[in-house]
Structures are given as C-alpha cells and as structure tokens.
Amino acid sequence: MSDPKCIFCRIIAADIPTKKVYEDDHVFAFEDTNPQAPTHVLIIPKKHFAGLKEAEAGDAELIGRCHLAAAQIARERKIEQGYRTVLNVGPGAGQSVFHLHVHLLGGRPLTWPPG
Ligand code: AMP
C-alpha cells in the first residue's frame, strides 16, 4: 500500500513536513516546493503506485478522485477561469517522483502547447 522509500508516501505519513492543502481517506494534496504558477498543488492517491503507466483498472476511481480534488481546490482558490491538471508520465516527460501525482497549476495565463 505504501513504500517507505517513496518521498510522497513519507509526506503522507508526516515523516517529511509539507504544506497540506487537502486530505481525505483516499487522497492527499500539498503545495509543490518548486511552484511553477501562483497555484501549484500536487494531488496524490494515498495508495502507492508509480504513475499512470503502472496504474491498473482498480486504480481508476483513485485517479478520478485526485482530479475531483484538484477541481475542488481550484474552486476554493477562485482560479476556475483557467487552470491545468497535468500528469507527467515517465522521465522523458519530466516525471521525477514515481508515485502518481496530479499537478494543479493556475493563477496565471497558461500557454499551449506546454514545453
Ligand atoms: P514530477 O516532475 O512530475 O515527477 O513532479 C514532482 C514534483 O514534486 C516537482 O514539481 C517537485 O517540485 C515536487 N516535489 C518534490 N519533492 C517535494 C516535496 N518534498 N514537497 C513538495 N513537492 C515536492
């Protein structure tokens, strides 16, 4: 369920301090330490799995819950004019932490396509 070597599992367990934004039975959200926008929140499932590539059918609800938490945070922060949810999948896309996470980015104009 959790991996003691995973930095995000250690954040959930409060072994590593973080600025918590949201938590429920399934999902945890916290401020990114290297924000790329005025709002940059990471939303993660409490269950450890490496990323979208490694997700299984049984993880579908958890992935949906992460996105619904992102939408709720965006609503609370009043950034609904335009925000982005991003999953970096694999090192070639910039994934550096191998515990699935949804980036919520907003609070500034977001250009397309992303780099
Ligand atoms: P990714 O590159 O998509 O794997 O995203 C990983 C994100 O985790 C990056 O945006 C990092 O800034 C962020 N990050 C890494 N360590 C921490 C931490 N201890 N607390 C909060 N955010 C972190």
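Start at 1 with the first residue, then count along the sequence. Numbering of ligands and ligand atoms starts at 1, following listing order.
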If you measure from the Lys or Arg side-chain nitrogens to the Asp or Glu carboxylate oxygens, is any gap between Glu23 and Lys46 under 4.0 Å? yes

For Glu54, the salt bridge (Lys or Arg N to Asp or Glu O under 4.0 Å) test, sequence neighbours excluded, returns none

A side-chain contact here means heavy atoms from C-beta on lying under 4.5 Å apart; do Ile16 and Thr18 qualify? no

Does the Arg84 side chain pair with the main chain of His103, one donor and one acceptor, at a distance under 3.5 Å? no

Residue Glu61 excluded, over 12 heavy atoms near CD under 6.0 Å: no

His99 side chain to Pro45 main-chain N or O, any donor-acceptor pair under 3.5 Å? yes

Within the heavy-atom cut-off of under 4.0 Å, ligand 1 is lined by Ile7, Phe8, Ile11, Phe30, Glu31, Asp32, Thr33, Asn34, Leu42, Asn88, Gly94, Gln95, Ser96, Val97, His101, His103

